[in-house]
Amino acid sequence: MTPRDWPIGRKFVAGTLAITLTAIAFVSVFLIVSEQRLVRAERVANTHALLGMVANNAAASLVFDDEAVAQQILAGTTAEPTTRAAALYRSDGSIFASFSAPRYTSPIPQSAQPSGAAFTADHLDAFADVLSSGKKVGTAFVRTDLSAMRERFRGYTMTVLGCSAVAVVLVLVLARLLQRLITQPLLSLSSTAAAVTQKSDFSLRARKLGQDEVGQLVDAFNRMLEEVETSQQKVRTHAASLEQQVNERTARLSEMVAEMEAFSYSVSHDLRAPLRTIRSFAEVILETPAGRDAVTGHHLRRIARAAQRMDRLIVDLLAYSKVAKTELKLEPLDLDDVIDDVLADYPQFAASGAEIEIRKPLGRVLGHNAAISQAIYNLMANATKFVPDGRRPAISIWAHERGPNRRLFIRDNGVGIAEEDLSRLFRIFERAQNAAKFDGNGVGLSIVRRAVEKMNGEVGATSALGEGSTFWLELPQASPP
Amino acid sequence: LIAVGCTMIGWAQEAVPESSAKAAFVFHLTQFTTWPGLAPDAPFKIGILGPDPFGSVLDKIVEGEKVGSRRIVVVRSNFLANLADCQLVYVSAAAADPTPLITNAFKGRPVLIVGDGSDFIAQGGMVRLFRTPERKLRLQVRLPRVHAAGLKMSAQLLRVAEVQEGSP
C-alpha cells in the first residue's frame with residue numbers, strides 16, 4: 001500500500017508527525033549543539049580565568065626563581081574543583097614547577113606550548129604567557145577535567161531528548177484527536193455514499209457534523225440525493241402509468257382481436273350454409289332438362305365452381321382463425337410419423353403422380369400434431385400445385401439440427417418465387433406475381449406461419465424464378481423417447 | 001633585545017655565575033617596585049656604590065629595558081654624592097662607606113637601597129640578596145624602611161621575599 005492509498009486519518013497523523021519530528025529534530029539539534037558550544041565556551045572561559053590567576057601571580061616567582069612560591073600559586077588552582085594539573089615553564093620552555101590534583105597521575109606536558117586552549121578526550125589543556133612589565137618571563141599551564149562538563153552535557157541532551165519524546169507522544173495523541181475531527185465527517189459521508197450505492201436507496205442522507213467544507217460537501221451530496229430521489233420517483237410514477245396504459249390498451253386490443261376472430265369465424269361458418277345451398281341447387285338444376293341447355297349448363301357449372309372456390313376460401317379462413325384462436329398444447333412429435341399421416345390422410349399427393357422423396361429420419365420436435373400436419377399439408381399442396389405445365393412435380397423432404405431447434409425443409413421443382421415476393425409471401429392474401437394463373441387465395445402460407453409461430457417456431461423460404469423453391473419450418477427439438 | 005634579556009634571565013635562573021644572578025635580581029626589583037613622582041622623560045638610574053660586582057652583565061641585562069616609560073641607565077661611583085639622583089643604589093659589599101652612613105644619606109627620599117652584605121639589613125639597608133643553605137639566591141626585605149622611603153613593592157615580590165617587619 002503506497003502512502004497515496006493510506007486512509008485519510010493515517011495520512012493526517014503521518015503528516016503531522018513528520019512535520020513535528022522535523023521541527024523537534026531541528027530544535028533539538030540546535031539546542032544540543034548550542035548548549036555544547038556554550039558549555040565549551042564556559043569551560044574555556046573558566047579555565048582561562050584560572051590560568052590568568054596563575055599567570056598574573058607567577059611572574060615574580062619565575063624571575064626570582066622561587067619554586068616554593070610557584071608551587072603555592074599552582075596549588076591555588078584547586079579552588080576550582082575541576083582542576084587536574086597546573087604547571088609553570090621558564091621562558092626557555094623548560095618546566096619550572098608543576099602541580100597535580102590528588103590521585104591524578106597522568107603526565108603533564110614537559111615543555112611550554114604557545115598560548116591557547118585545546119580539548120582532548122577528557123580534559124582541556126590551556127597555556128598562557130606569564131608577563132612581567134609586558135615581557136614574557138614564562139608560560140603557565142592549567143588542565144581541567146571535562147567529565148563534569150560532559151556529564152552536564154549528557155544530562156542536558158537526555159533532557160532535550162526526553163522532552164522531544166514527550167512532545168512527540170503529545171503530538172501523536174493530539175493528531176489522533178484532531179484527525180477524528182477531520183476524518184469522521186468524511187468517513188460518515190463515504191459510508192452513506194457506499195450504502196446508497198449498495199442498496200440503491202436514495203432516501204438515505206449523510207449526517208452533517210460541522211459547517212466546514214466537508215459540511216458543505218455533505219449538504220451538496222444530500223441535495224444531489226434528494227434530486228435523484230425525486231427524479232427516480234417521477235420515473236417510477238411515469239413507468240407505472242405507462243405500464244397501466246399498455247395493459248389497458250393490450251386488454252382492449254385483445255378484446256377487439258377476439259371479437260374480430262369470433263366475428264370472422266361465425267361469419268365464415270355461417271357463409272358456408274348458403275354457399276352449399278347455391279352449389280347444391282346449381283347441380284340439381286344441371287340434372288334437370290333446363291340444365292341440359294348448353295348455355296345454361298355452362299352458366300350453372302360456373303356458378304357451382306365459384307361457390308366451390310368460395311367454400312374453399314371460407315374453409316381456409318376458418319383454418320386460419322382456428323389456428324389463431326386455439327391455444328396449442330405442445331408435445332414431442334416424430335416428424336416421420338407426421339409426414340406419413342399427412343400422406344395417408346391426403347391420398348391426392350400420391351395420386352397426382354408427383355415424385356416424393358423423404359430422407360428419414362426427420363427427427364423429433366416439440367409441437368402440436370394438427371398444426372404441424374396443417375402446415376406440412378399446405379406446403380406440400382403448394383409444391384404440387386405451382387408446377388409448370390407438363391412437368392412432373394418432384395418434392396424432397398429432409399431435416400437437420402440447428403442449435404436447439406430442428407429445421408424441416410420441403411423443396412419443389414416448381415415455378416419458383418421472385419426475390420421481391422419472398423418477404424411478403426407469408427402474409428394473408430398475398431400472392432406471388434407469377435402465381436396468378438394458378439388457383440389459390442393467398443391464405444395457405446399465412447396459416448403455415450400462424451401455426452408455426454404458435455408453436456414457438458419460425459418459417460422461411462429460399463427460391464429463384466424457374467428453379468423451384470425450398471420452404472422450411474423450424475421448431476424446438478424434442479429429446480428422443 | 002627581548003631575546004637577549006630572556007637569555008640573561010635564563011642565566012640568572014640557572015644561577016651559574018653569581019654576578020649574573022644578582023644582576024638579574026637587581027633588574028627585576030625595578031620591575032616589582034613603584035617609585036613615586038618620577039619625571040616621565042628622565043632615565044631611571046641604577047647606581048653602584050663601590051667596586052662593581054657585575055661587570056658588564058648588568059648593563060647587558062638592562063639594555064633596552066624600561067621602568068615604566070623610562071629607560072634604565074647604570075652609573076658607577078665610589079662617592080655617594082655622585083649617586084644622589086639614582087632611584088636604586090646597590091651597595092657593594094666592598095664599598096668604602098659604612099652602610100648606616102649611606103642609608104642616612106638617602107633617608108626620606110624614594111631610593112631603594114640594595115646590598116648583599118651579611119649584616120646589610122641590620123645596618124639600615126632595605127633589600128638584601130643572600131644565599132639559602134640550598135645555595136638559592138633570595139631576597140630579604142625590611143618593608144617598613146621601604147615604605148618609609150615612599151616606595152611600594154608588589155605583593156608578588158613580597159611573596160618571594162623574606163619580609164622583615166619592625167621599626168624602619
Side-chain angles (χ1 to χ4, degrees), chain A residues 48-79 86-99 108-115 127-142, chain B residues 1-16 18 20-34 44 61-72 114 127 129-132 134-141 153-163:
Chain A
H48 268 115
L50 205 59
L51 195 61
M53 192 272 283
V54 173
N56 289 336
N57 287 301
S61 68
L62 273 166
V63 297
F64 293 108
D65 193 26
D66 195 329
E67 257 182 72
V69 169
Q71 284 284 356
Q72 286 169 19
I73 292 169
L74 291 176
T77 59
T78 47
L88 279 167
Y89 303 86
R90 297 186 188 92
S91 60
D92 66 353
S94 63
I95 194 148
F96 173 64
S98 70
F99 163 84
I108 57 165
Q110 285 304 299
S111 59
Q113 285 167 28
S115 53
F127 289 89
D129 291 344
V130 178
L131 302 176
S132 167
S133 302
K135 282 178 54 177
K136 179 176 171 176
V137 294
T139 305
F141 163 77
V142 167
Chain B
L1 282 174
I2 292 168
V4 173
C6 290
T7 315
M8 289 308 181
I9 296 161
W11 280 7
Q13 280 159 345
E14 279 157 31
V16 192
E18 178 83 6
S20 295
K22 284 188 176 170
F25 266 50
V26 169
F27 162 68
H28 286 304
L29 274 173
T30 68
Q31 304 297 302
F32 289 91
T33 308
T34 311
F44 183 94
I61 288 172
V62 304
E63 192 180 325
E65 299 288 352
K66 286 181 173 173
V67 174
S69 60
R70 294 162 206 83
R71 65 193 176 82
I72 302 172
V114 186
V127 178
L129 278 59
F130 70 101
R131 288 275 169 192
T132 63
E134 298 82 33
R135 303 292 307 147
K136 285 254 177 199
L137 193 60
R138 285 283 174 266
L139 298 167
Q140 212 168 27
V141 176
M153 281 185 162
S154 83
Q156 276 200 57
L157 172 61
L158 295 177
R159 196 168 177 185
V160 299
E162 191 180 289
V163 178

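Residue numbers start from 1 in every chain, and the chains themselves are labelled A, B, ... in the order their sequence lines are given, proteins ahead of strands. Here the structure is a predicted model, which is why all the values come from computation and not from measurement.
The minimum heavy-atom distance between A:Val63 and B:Phe25, with the atom names listed, is O-CE1, 4.1 Å. Of all non-hydrogen atoms in A:Ala60 and B:Val160, the two that sit nearest each other are C-CG1, 4.0 Å. Taking every heavy atom of both residues into account, B:Leu29 and A:Phe64 meet most closely at N-CZ, 3.8 Å. Counting all heavy atoms, side chain and backbone alike, A:Ser133 lies closest to B:Gln31 at OG-OE1, 2.5 Å. Across all their heavy atoms, B:Arg159 and A:Val69 have their closest contact at O-CG2, 3.4 Å.
Here the side chains of A:Asp66 and B:Lys136 are not in contact, with every heavy-atom distance at 4.5 Å or above.
Residues of residues 48-58 of chain A having a heavy atom under 4.5 Å from any heavy atom of chain B, listed by number: A:Asn56, A:Asn57, A:Ala58.
Residues passing the ring pair (Phe, Tyr, Trp, His ring centres under 6.0 Å) test with A:Phe141 are A:Phe127, sequence neighbours excluded.
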